[in-house]
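Sending over a structure as structure tokens; questions will come in a sec.
Because only heavy atoms are used, hydrogens play no part in the values below, and waters and symmetry mates are left out as well, while side chains stay in. Since this is a predicted model, take the numbers as computed values, not measurements. The chain is numbered in sequence order, starting from 1.
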Amino acid sequence: MSYATSVGGRAGLLGWIKEAAAAFGARAARALARRTDVSELTDAQLADIGVERAAIAPPRPTIEVDGRLMRRLLSMR
């Protein structure tokens with residue numbers, strides 16, 4: 001194999017890798033934008049399009065903290 005052929009093959013492979021990485025980045029950015037846009041909608045907007053919030057994002061867990069504990073924790077700042 002000549003030097004020119006091996007360099008040309010590497011350049012083609014490098015170009016393919018660059019294209020694949022760019023395509024993956026674009027798909028990931030679109031997916032993130034879609035998730036962000038839907039999660040920022042208000043409950044009224046979701047009701048307008050007929051989607052329940054629980055269908056797009058699981059409910060966030062709530063933690064109940066006693067008032068005295070909260071005062072104690074905040075006083076440590």
**Message:** Please determine whether residues Ile17 and Phe24 belong to a single hydrophobic cluster, defined as Ile, Leu, Val, Met, Phe, Trp and Tyr linked transitively by side-chain heavy-atom distances below 4.5 Å.
**Reply:**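 No, separate clusters.
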**Prompt:** If you group Ile, Leu, Val, Met, Phe, Trp and Tyr by side-chain heavy-atom gaps below 4.5 Å, do Ile63 and Leu69 land in one group?
**Reply:**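 Yes; Leu69 is reachable from Ile63 via cluster members.
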**Prompt:** Is a donor on one side and an acceptor on the other found under 3.5 Å between the side chain of Gln45 and the backbone of Thr42?
**Reply:**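 Side chain of Gln45 to backbone of Thr42: a pair is present.
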**Message:** What's the separation between atom NZ in Lys18 and atom CG in Leu13, rounded to the nearest 0.5 Å?
**Reply:**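 That separation rounds to 11.5 Å.
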**Message:** Quick one, Val51 and Leu41 - any side-chain contact, counting heavy atoms below 4.5 Å?
**Reply:**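 SC-SC contact between Val51 and Leu41 ruled out.
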**Asked** Measuring from Leu14:CG to Glu19:CD, what's the distance to the nearest 0.5 Å?
**Response**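 Those atoms lie 10.0 Å apart.
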